[in-house]
Amino acid sequence: SERVMFAQTGTTIDGTSGANGSIFEEKQQPAKCRDPIFAVLFYVNLCVIIAIAAIFGMSPFIAPEDDANNQGNADGDAVNYTPFLYTAAICGVVGLILSCLALNVLMCIPGFLVKAALIGNLVLTLAMAIVAVMFGSIAVAIFAFIGFAICACYTYCIWSRIPFATANLKTGCSAIRSNCGVTLIAYGDVVAAFAWTLLWTVALLGIQDSIVTCEEVNGEQQCGGINYLYLFLLFISYFFTHQVLQNVLHTTIAGVVGTWWFAPDEVGCCGKAVCGSLYRSLTTSFGSICFGSLIVAIIEALRQIVETARSNEELGGALACCIDCILGCIQGLVEYFNKWAYVYVGLYGFGYCEAGKNVMQLFRDRGWEALIADDIVSTVLFLVAFVCGLITAGIGVLLGEFTGWFKEIVAGFGDDGLVIVRILCGVIGFIIGLALCMIIMGVISSSVNATIVLFAEAPAEFEANYPELSSEMRDAYMVAHPGCI
């Protein structure tokens with residue numbers, strides 16, 4: 001029989017209700033600020049960087065008068081890079097259009113894309129091995145063949161799970177398409193991250209200019225050593241803010257998917273589901289978001305310090321590699337924990353530690369530890385974004401070839417000018433297309449994570465509100481994971 005009771009939740013996989021009632025009503029937390037001390041730390045970090053940028057930030061950009069005059073005399077020979085801005089703008093528009101189309105493509109042929117991504121990995125690793133053999137790089141060829149063997153084994157082991165990954169992907173895309181306003185938050189998140197990077201860079205240069213003294217010794221310019229304490233704190237600040245921006249989006253999407261799952265009447269482009277989830281992420285759940293973000297930021301800052309010390313030959317290469325490997329493993333574990341913890345934060349408003357504990361307990365109760373370790377969907381999403389990047393790269397090359405915008409630049413580079421312009425336009429187009437599409441793919445990835453948690457916890461509500469999607473996921477799950485029920 002398909003009617004199998006899930007532990008603790010009081011719901012069954014065939015969609016009928018158990019004894020415990022609504023999962024959302026049981027687990028929804030009172031509206032109050034969680035982990036507020038970490039939110040305060042974030043605001044302090046923000047204020048300190050703004051103050052540093054305001055006080056010290058302009059000094060590195062104030063050139064001496066003689067240099068300014070010389071620069072002014074050289075302005076007449078400056079290259080006009082406006083055509084590259086035109087190319088970037090057009091590729092950006094194309095990238096946005098492709099991102100929207102990609103969402104519909106993922107809805108229409110998710111199964112084909114999952115299989116194509118797995119087979120594509122095999123083809124690429126095999127091609128790399130063959131090319132290495134052709135060029136006589138035996139060591140590279142050996143590693144490539146080992147990678148091909150590993151990919152082949154992985155593909156064989158998870159092939160039976162493709163239908164469930166496909167159903168997850170389709171459900172996640174459905175939730176985003178019903179609440180498409182969340183993509184605007186994602187693009188706003190990118191703008192905020194870019195602005196923060198500029199502000200932090202100004203602050204970093206200001207601090208560097210104020211504390212590092214240089215003097216001429218025997219005709220050579222020598223500067224004082226790096227202050228690693230300042231650098232460590234600045235790195236924490238940089239990664240802390242970026243992690244917060246990323247996790248606010250992830251938590252907001254989890255809340256949006258939860259509303260779509262439990263209350264379909266509240267969905268809409270910029271309706272209550274989107275605005276309400278964003279409001280909770282920026283208020284009551286903001287401290288919890290900052291908590292996990294700070295942990296990752298500290299680890300990332302330590303890795304950057306190790307890399308800086310290694311580059312300056314102040315730390316041995318072997319020791320630096322070992323330390324970085326250990327820190328990388330710890331970072332991976334924390335980020336994996338955060339990925340699922342923030343789903344619970346967005347869904348129910350738990351604090352950070354409590355959310356992580358509860359969601360991991362949920363997966364243990366279901367026997368889903370192996371299931372959540374499969375990362376099939378992310379491979380598909382990267383494949384789609386990569387294809388979008390290739391298309392916009394092609395658009396960039398065509399613009400460089402046929403528009404006539406680059407005549408002066410081509411002439412300035414000489415005989416190879418047209419080839420250089422093609423390469424530059426192609427690279428610009430690829431980076432912009434890949435980045436824009438990855439934003440949408442990141443939104444879908446967060447939606448799929450929330451879908452997995454909700455399917456484990458509240459299948460009855462899913463069956464009641466979306467019977468067709470629920471039936472597809474349930475059937476695929478029973479085939480792929482019969483031992484987990």
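Note that the structure is a prediction, hence the values are computed from the model and not measured. Throughout, residue positions are numbered sequentially from 1 according to the sequence presented. We use all heavy atoms of the structure for the numbers below, so side chains are in, but hydrogens, waters and symmetry mates are not.
- With values rounded to the nearest 0.5 angstrom, Thr166 atom OG1 is found 11.0 Å from Ile109 atom CD1.
- At least one side-chain heavy atom of Trp340 sits less than 4.5 Å from a side-chain heavy atom of Ile452.
- Between Leu434 and Thr392 there is no side-chain heavy-atom pair separated by less than 4.5 Å.
- Here the side chains of Val384 and Val105 are not in contact, with every heavy-atom distance at 4.5 Å or above.
- Rounding to the nearest 0.5 Å gives a distance of 3.5 Å between OH of Tyr348 and CD of Glu457.
- For His250 and Ser281, the side-chain atoms include no donor-acceptor pair closer than 3.5 Å.
- The closest side-chain heavy-atom distance from Tyr187 to Leu436 is below 4.5 Å.
- Side-chain contact between Leu469 and Ser174: present, with at least one pair of heavy atoms (C-beta onward) separated by less than 4.5 Å.
- Trp261 contributes a side-chain N or O that, together with a main-chain N or O of Ala458, makes up a donor-acceptor pair within less than 3.5 Å.
- Between Ala273 and Val256, the closest heavy-atom pair is O-CG2, 3.5 Å.
- Residues satisfying the ring pair (Phe, Tyr, Trp, His ring centres under 6.0 Å) test with Tyr352, not counting sequence neighbours, are Phe291, Phe337, Tyr342.
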For this session: Kindly indicate, with the supporting measurements, whether the criterion side chain to side chain contact (heavy atoms under 4.5 Å, CB included) is fulfilled by Leu234 and Ile49.
Result: CA-CA 9 Å; Leu234 283 167; Ile49 294 298; 4.0 Å; yes
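- Considering all non-hydrogen atoms of both residues, Cys437 and Ala102 come closest at SG-CB, 4.4 Å.
- Using bins of under 30°, 30° to 60° and over 60° for the plane-to-plane angle, the ring pair Tyr238/Trp200 lands in the tilted bin.
- Checked by atom type, the side-chain pair Ser293/Gln243 shows no donor-acceptor distance below 3.5 Å.
- Taking CG from Leu85 and CD1 from Ile90, the interatomic distance works out to 11.5 Å, rounded to the nearest 0.5 Å.
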For this session: Check the pair Phe262 / Leu454 against side chain to side chain contact (heavy atoms under 4.5 Å, CB included), numbers first and verdict last.
Result: CA-CA 10 Å; Phe262 291 110; Leu454 286 164; 3.6 Å; yes
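- Using a 4.5 Å heavy-atom threshold, the side chains of Val257 and Thr171 count as separate.
- A 4.5 Å side-chain heavy-atom check between Val296 and Phe240 finds every atom pair outside the cut-off.
- Inter-residue side-chain proximity for Ser277 and Thr252 is flagged as met; some heavy-atom pair is nearer than 4.5 Å.
- Taking every heavy atom of both residues into account, Ile236 and Ala301 meet most closely at CG1-CB, 3.5 Å.
- Between the side chain of Thr125 and the backbone N or O of Leu122, at least one donor-acceptor pair lies under 3.5 Å.
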For this session: Check the pair Ile162 / Leu118 against side chain to side chain contact (heavy atoms under 4.5 Å, CB included), numbers first and verdict last.
Result: CA-CA 10 Å; Ile162 288 178; Leu118 293 173; 3.7 Å; yes
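- Put simply, OG1 on Thr259 and CG on Asn179 are 7.5 Å apart, with the number rounded to the nearest 0.5 Å.
- Rounding to the nearest 0.5 angstrom, the gap separating the CZ atom in Phe112 from the CD1 atom in Ile119 is 8.5 Å.
- Nearest heavy-atom pair across Phe350 and Ala355 is CB-CB, 3.7 Å.
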For this session: Test side chain to side chain contact (heavy atoms under 4.5 Å, CB included) on Phe194 and Val190 and set out the steps.
Result: CA-CA 6 Å; Phe194 179 70; Val190 173; 5.6 Å; no
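- Taking each heavy atom of Pro110 and Lys170 in turn, the nearest pair found is CG-CB, 4.4 Å.
- Between Leu113 and Leu106, the shortest heavy-atom contact is CD1-CD2, 3.5 Å.
- In this structure, Phe462 and Phe455 have perpendicular ring planes: the angle between them is above 60°, well past the 30° mark.
- For residues 35-54, the pairs satisfying side chain to side chain donor-acceptor pair (under 3.5 Å) are Asp35-Ser288, Asn45-Ser237, Asn45-Thr241, with sequence neighbours left out.
- Salt bridge annotation for Glu354-Arg34: absent, with no cationic side-chain nitrogen under 4.0 angstrom from a carboxylate oxygen.
- Within a 6.0 Å radius of OH in Tyr466, other residues, nucleotides and ligands contribute more than 12 heavy atoms.
- Here CZ of Arg303 is found 5.0 Å from CD of Gln331. Values are rounded to the nearest 0.5 Å.
- Partners of Thr251 under the side chain to side chain donor-acceptor pair (under 3.5 Å) rule, at least two apart in sequence or in another chain, do not exist in this structure.
- Shown here is Phe145, whose CZ atom has more than 12 heavy atoms of other residues, nucleotides or ligands within 6.0 Å.
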